[in-house]
Amino acid sequence: MPALIWGLMLAQALALSAAPLMVFAGGIIGSQLQSDPRFSTLPVAAMIIGTALAVLPASQLAGRFGRRPLFLTAMLFGAVAAVAAAWAVHAQSFWAFTFSALSFGAVGAVVQQFRFVAMAAVPAAQTPLVAARLLLAGIASAFLGPELTRLATWLPEWGFAASFSGLAVFFVLAGVVLWWFMPRQQAESSQQHDDARPLQELLQQPLLWLAMLSAACAYGVMAYIMTATPLSMTQGMGYALSDAKWVIQSHIAAMFLPSLISGHLIRWAGHWWMIMTGLLVMVVCLLIAWFDQTLLHYWLGLVLLGLGWNLLFVAGTSLLSQCYRPAEATRVQGINDLAVFGAQAVGALASGAVVLLIGWQGLLLTTVPALLLLLVVLLRMPRTSLSA
């Protein structure tokens, strides 16, 4: 595997640590800084919204100035945002902390482009493997982010400000890694732009719609169910917070560990069967979670949810690389990420209200239309056009 791939994996593990740190500590900090409990999770929501809002501008900036300058600037911006978050915690400023969280989301939108750079660095036959390998960095991020909260214990006079100071160091280290491994490149030339097809023509590709829908369903359904799970378990069923934490940790492991083999599965079985398998796993997840609300059912349902997410997202990301020419890459990737992380934002923000309004089983049933839509689009595609 090229050294660039290893560098991107390392930088992604460091930079994406902001997300699990915010998920783990953002609500706690929000409740400490804001007396109204309705706003306590706003910083976490702001991070998700920041990603959804920034994906399209980030792709446009990459097309104009090149990936390397964008990535390095984003790491610097992330470090500044982390310092601002540390100051906000120290100064007890809720809105400054929320704005910092929004900035973390914007940086996350840039980090999501790492997978496209990695896929472009290898032959087409290896893109499924590389797409899966980049997801493995998520395992490291899921560990590193929450571990930063230990700094708050070691430096009690700083509190969570110490955690975000440590995050600033992570962003600086990620920038150093990218500066070392990312090749120097120029923005797209006018000749490349002449080779690009109009957006209307690009959107006439059935493969493009399938690729975007597979990844968007993966993220939307996953965020929708995952975000509602702790609320359903603790407030709806009376489980301990430690039980909900165990279920979510198992879910995160199930999201990323299959990346060790999911790329190989695409090469062996093809994209069609990979997406179909992901859909079937999602359906089994819904059936198990809907059937009963014991701890075992929550746990097994969320593990299957993580597995289904991995299969659908890796397949959609790999398939997307077949839908554009080099001059069209940043535009198509931006549209794809807008759909994917827009679906994540909608799912995460809507789930809490939905589960409180119509209950856990009702929430699960509302995911069926999205999965049916993906199934219909998949069945309309010939399997031969979806080989690895």
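Taking CE of Met222 as the reference point, atom CE of Met255 lies at 4.0 Å (rounded to 0.5 Å). We find the CE-CD1 distance between Met9 and Ile139 to be 9.0 Å, quoted to the nearest 0.5 Å. With values rounded to the nearest 0.5 angstrom, Ser232 atom OG is found 9.5 Å from Gln361 atom CD. Once rounded to the nearest 0.5 Å, the distance linking CH2 of Trp309 with CE of Met226 reads 10.0 Å. Atoms CG and CG, on Leu213 and Leu208 in that order, are 11.0 Å from each other to the nearest 0.5 Å. To the nearest 0.5 Å, the span separating CZ on Phe65 from OG1 on Thr73 amounts to 9.5 Å.
Trp272 places a side-chain N or O within donor-acceptor distance of the main-chain N or O of Leu378, the cut-off being under 3.5 Å. For Trp209 (side chain) and Leu203 (main-chain N/O), a donor-acceptor pair under 3.5 Å exists by modelled atom type. A donor-acceptor pair is defined here as one N or O able to donate and one able to accept, closer than 3.5 Å; no such pair exists between the side chain of Ser163 and the backbone of Gly159. Under the 3.5 Å distance criterion, the side-chain polar atoms of Gln293 are left unmatched by any main-chain donor or acceptor of Met237. For the pair Thr317 (side chain) and Phe313 (backbone), a donor-acceptor distance under 3.5 Å is present. Judged by distance alone, with hydrogens and angles left aside, the side-chain atoms of Thr367 form a donor-acceptor pair with the main-chain N or O of Leu364 at under 3.5 Å. Thr51 contributes a side-chain N or O that, together with a main-chain N or O of Gly105, makes up a donor-acceptor pair within less than 3.5 Å. Counting only distance, with no hydrogens or angles, the side chain of Arg68 and the backbone of Trp179 share a donor-acceptor pair below 3.5 Å. Side-chain atoms of Trp87 never come within 3.5 Å of backbone atoms of Ala96 as a donor-acceptor pair (strictly under, hydrogens ignored). Looking at Glu328, its side chain does come within 3.5 Å of a backbone N or O of Arg197 through a donor-acceptor pair.
Just one residue in the list Pro128, Ser262, Ser214 forms a side-chain contact (heavy atoms from CB on, under 4.5 Å) with Ser318, and that residue is Pro128. Residue Phe71 is tested with Phe114, Phe116, Phe77 for a ring-ring contact (aromatic ring centres under 6.0 Å, His included); the sole match is Phe114.
For NE2 of His90, the number of neighbouring non-hydrogen atoms (other residues, nucleotides, ligands) closer than 6.0 Å is 12 at most. Within 6.0 Å of CZ on Phe181 lie more than 12 heavy atoms contributed by other residues, nucleotides or ligands. Glu157 CD: more than 12 foreign heavy atoms inside a 6.0 Å radius. Remark: Trp158 CH2 is loosely packed, at most 12 non-hydrogen atoms of other residues, nucleotides or ligands lying under 6.0 Å away.
No side-chain donor-acceptor contact under 3.5 Å links Tyr324 and Gln205.
Pro198 and Arg331 get closest at one heavy-atom pair: C-NH1, 3.8 Å. For Ala289 against Trp360, the heavy-atom pair with the smallest separation is O-NE1, 3.1 Å. Here the closest heavy-atom approach between residue Ala79 and residue Val172 is recorded as CB-CG2, 4.0 Å. Among all heavy-atom pairs drawn from Ser259 and Ala132, the shortest one is CB-O, 3.0 Å. Ala86 approaches Ser165 most closely through the heavy-atom pair CB-OG, 3.7 Å. Across all non-hydrogen atoms, the minimal contact from Ser351 to Ala223 is OG-O, 4.5 Å.
Note on Val346 and Val55: separate hydrophobic clusters, where clusters join Ile, Leu, Val, Met, Phe, Trp and Tyr whose side-chain heavy atoms are under 4.5 Å apart, directly or indirectly. In the hydrophobic cluster analysis, where Ile, Leu, Val, Met, Phe, Trp and Tyr join through side-chain heavy atoms closer than 4.5 angstrom, Leu307 is grouped together with Met274. Phe143 and Leu260 fall within the same hydrophobic cluster, defined by Ile, Leu, Val, Met, Phe, Trp and Tyr side-chain heavy atoms under 4.5 Å apart, directly or through other members. By the criterion of side-chain heavy atoms lying less than 4.5 angstrom apart, applied directly or through intervening Ile, Leu, Val, Met, Phe, Trp or Tyr residues, Leu319 is not grouped with Leu129; the two fall into different hydrophobic clusters. With hydrophobic clusters built from ILVMFWY side chains whose heavy atoms lie under 4.5 angstrom apart, Val80 does not share a cluster with Leu178.
Shown here are the side-chain contact (heavy atoms from CB on, under 4.5 Å) partners of Ala82, two or more places apart in sequence or in another chain: Phe104, Leu167, Ala168, Phe171. With sequence neighbours left out, Leu296 forms a side-chain contact (heavy atoms from CB on, under 4.5 Å) with Thr294, Trp299.
Residues His251 and Val303 have side chains not in contact (no heavy-atom distance under 4.5 Å, counting atoms from C-beta outward). Thr277 places none of its side-chain heavy atoms less than 4.5 Å from the side chain of Leu265. Taking the side chain as every heavy atom from C-beta outward, Met276 and Leu375 approach each other to under 4.5 Å. At a threshold of 4.5 Å between non-hydrogen side-chain atoms, the residues Phe164 and Ser100 do not count as touching. Side-chain contact check for Ser250 versus Leu302: every heavy-atom pair is 4.5 Å or farther apart. A heavy-atom distance below 4.5 Å is not found between the side chains of Met75 and Val176. With a 4.5 Å cut-off on side-chain heavy atoms, Thr330 and Arg67 count as touching. Counting heavy atoms from C-beta on, the side chains of Val247 and Tyr239 never come closer than 4.5 Å.
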Between Arg115 and Asp337, is a side chain to side chain contact (heavy atoms under 4.5 Å, CB included) present by the stated rule, with each step listed?
-> CA-CA 12 Å; Arg115 69 192 195 276; Asp337 278 2; 2.6 Å; yes

Starting from the C-alpha separation in whole Å, work towards a yes-or-no answer on side chain to side chain contact (heavy atoms under 4.5 Å, CB included) for Met233 and Thr229.
-> CA-CA 6 Å; Met233 290 184 67; Thr229 298; 3.7 Å; yes

Take Leu312 and Leu374 through the side chain to side chain contact (heavy atoms under 4.5 Å, CB included) test and state the conclusion after the steps.
-> CA-CA 10 Å; Leu312 291 177; Leu374 176 57; 4.0 Å; yes

Show your working on side chain to side chain contact (heavy atoms under 4.5 Å, CB included) between Thr98 and Gln34 and close with a plain yes or no.
-> CA-CA 11 Å; Thr98 301; Gln34 174 60 253; over 6 Å; no

